[in-house]
Amino acid sequence: MTSGGIRYEPPADVAEALRVQEELRSRVDLVGPGPTAPTTVAGLDVAYAESGDRLAAAVTVLDAATLAVVDEAVVVGRPAFRYVPGLFAFREMPALLAALDRLTVRPELLVCDGHGLAHPRRFGLACHLGLVTGLPAIGVGKTPLVGEWAEPGPERGAWTPLRDGGEVVGRVLRTRDEVRPVFVSVGHRMSLANAADRVLALTPRYRLPETTRTADRLCRQALAAALA
DNA sequence: GCGACAG
DNA sequence: ATCTTGTCGC
């Protein structure tokens, strides 16, 4: 049980969701620095049915050194909120927490498929998940939501700051040579530099972290099985 | 008012 | 997110 059996009620509407973000944002730990050599790292991802009314949320826990999957859990359910940019977390949170609850191993770090601080109100999915579970968390987005940046160098490891409203909210990080960069931001209890290091440690071969790749495969197959 | 907008 | 044809390359 990773979330400690945390209860999580989705908001009734957009106004309430905004109030919840406003209330929780101040409780995010932006100091970190978080684990530099974690033993286990979890990846979280969600797959949706084309009808849009069903989803599968998966969590995979990897041995941080070998990147082998040591635990996993997946739940099929319904989106808890309609998709609204900036309120994305409310959609997947209940299912992801349910999946986390089914883990046997409590991971030392959560790698989320979406942003953390790189969010219009500095409270993206990674912040929300980290805060609710109490675990260190980072966000790895495939496309930007907010901010401006300069193109990082072409080699793996190159990065540039992602800035929004004058503040650095993340890093645009190249995880593979000559491949489109990813957007890394702090979720909870992590420093930005450590978050970027952890992402590089999870991307020995592909653009996206192994954690999100394994979670992605798991939720897709679970959704297909559930719909069959 | 118009366009942008994680997954 | 999901749909979707072809295409380039290991």
Side-chain angles (χ1 to χ4, degrees), chain A residues 10-11 14 17-18 20-21 24-25 28 43-60 74-99 110-132 137-149 162-165 169-173 175-188 192 195 199 204-209 211-228:
Chain A
V14 168
L18 290 171
V20 171
Q21 288 190 329
L24 297 181
R25 57 182 294 182
V28 171
L44 304 88
D45 193 26
V46 175
Y48 293 85
E50 49 188 306
S51 56
D53 59 353
R54 297 267 284 176
L55 59 72
V59 183
T60 52
V74 59
V75 300
V76 172
R78 311 260 177 197
F81 205 76
R82 71 189 182 85
Y83 175 66
V84 179
L87 297 179
F88 169 62
F90 295 101
R91 191 170 170 72
E92 310 190 332
M93 192 77 63
L96 287 173
L97 290 176
L110 302 181
V111 178
C112 308
D113 191 24
H115 301 100
L117 282 186
H119 173 279
R121 290 170 297 280
R122 307 292 179 265
F123 196 68
L125 175 65
C127 298
H128 212 142
L129 272 172
L131 185 61
V132 171
I138 65 179
V140 181
K142 297 182 287 296
T143 62
L145 173 58
V146 296
E148 312 89 47
W149 67 95
L162 174 62
R163 293 195 175 82
D164 185 44
V169 298
R171 279 187 189 183
V172 181
L173 177 67
T175 54
R176 302 301 306 160
D177 289 354
E178 310 290 341
V179 170
R180 188 156 53 102
V182 296
F183 298 78
V184 179
S185 60
V186 167
H188 184 54
L192 180 54
V199 170
R205 185 161 161 64
Y206 298 100
R207 175 189 179 228
L208 299 179
T211 38
T212 62
R213 288 170 46 78
T214 52
D216 178 78
R217 280 176 302 199
L218 179 57
C219 61
R220 288 199 197 210
Q221 64 95 46
L223 181 64
L227 298 178

Ignoring backbone atoms, establish whether [X] has a side-chain N or O less than 4.0 Å from OP1 or OP2 of [N].
X         : N      : value
Thr143(A) : dC5(B) : no
Lys142(A) : dA6(B) : no
Tyr83(A)  : dA6(B) : yes

TODO: Quick one: the dot-bracket string of DNA chain C, using Watson-Crick and G-U wobble pairs with both distances under 3.5 Å, [ ] for crossing pairs and | for bases paired to another strand.
DONE: ..........

What does [X] touch in the nucleic acid at a heavy-atom separation under 4.0 angstrom: a base, only the sugar-phosphate, or nothing?
X         : answer
Ala47(A)  : sugar-phosphate
Leu55(A)  : nothing
Pro120(A) : nothing
Leu96(A)  : nothing
Gly86(A)  : base

Length of the [atom1]-[atom2] vector between [X] and [N], whole Å:
X         : N      : atom1 : atom2 : result
Arg82(A)  : dG7(B) : CZ    : C1'   : 15 Å
Met93(A)  : dA6(B) : CE    : P     : 17 Å
Leu227(A) : dC3(C) : CG    : C1'   : 15 Å
Phe81(A)  : dA6(B) : CZ    : P     : 16 Å
Phe90(A)  : dA1(C) : CZ    : P     : 20 Å
Asp216(A) : dA6(B) : CG    : P     : 17 Å
Leu125(A) : dC5(B) : CG    : P     : 19 Å
Arg91(A)  : dA6(B) : CZ    : P     : 12 Å

Are there any protein N/O atoms within less than 3.5 Å of an N/O atom in nucleotides 5-10 of chain C, and if so, which ones and at what distance?
none

State, with a plain yes or no, whether a side-chain heavy atom of [X] is found less than 4.5 Å away from one of [Y].
X         : Y         : value
Arg217(A) : Thr60(A)  : no
Pro144(A) : Trp149(A) : yes
Arg121(A) : Leu87(A)  : yes
Val169(A) : Leu192(A) : no
Arg78(A)  : Leu55(A)  : no

Open item on the list: So for atom CZ, which belongs to Arg82(A), do other residues, nucleotides or ligands contribute more than 12 heavy atoms lying within a distance under 6.0 Å?
Closed with: no

Side chain of [X] only, heavy atoms from C-beta on: which candidate in [options] is closest?
X         : options                : answer
Glu50(A)  : dG7(B), dC3(C), dA6(B) : dC3(C)
Arg220(A) : dG7(B), dT2(C), dC5(B) : dT2(C)
Leu145(A) : dG7(B), dT2(C), dC5(B) : dC5(B)
Tyr48(A)  : dC3(C), dA6(B), dA1(C) : dA1(C)

Open item on the list: Would you call the rings of Phe81(A) and Phe90(A) parallel, tilted or perpendicular, taking 30° and 60° as the class edges?
Closed with: tilted

Task: Residue of the set Asp216(A), Leu223(A), Leu218(A) for which side-chain contact (heavy atoms from CB on, under 4.5 Å) holds with Arg220(A) - done: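 Among the candidates, only Asp216(A) passes.
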
TODO: Using side-chain contact (heavy atoms from CB on, under 4.5 Å) as the criterion, point out the one residue from Leu44(A), Asp45(A), Leu208(A) that pairs with Asp113(A).
DONE: Asp45(A)

Task: Any donor-acceptor pair under 3.5 Å from His115(A) side chain to Thr143(A) backbone - done: yes

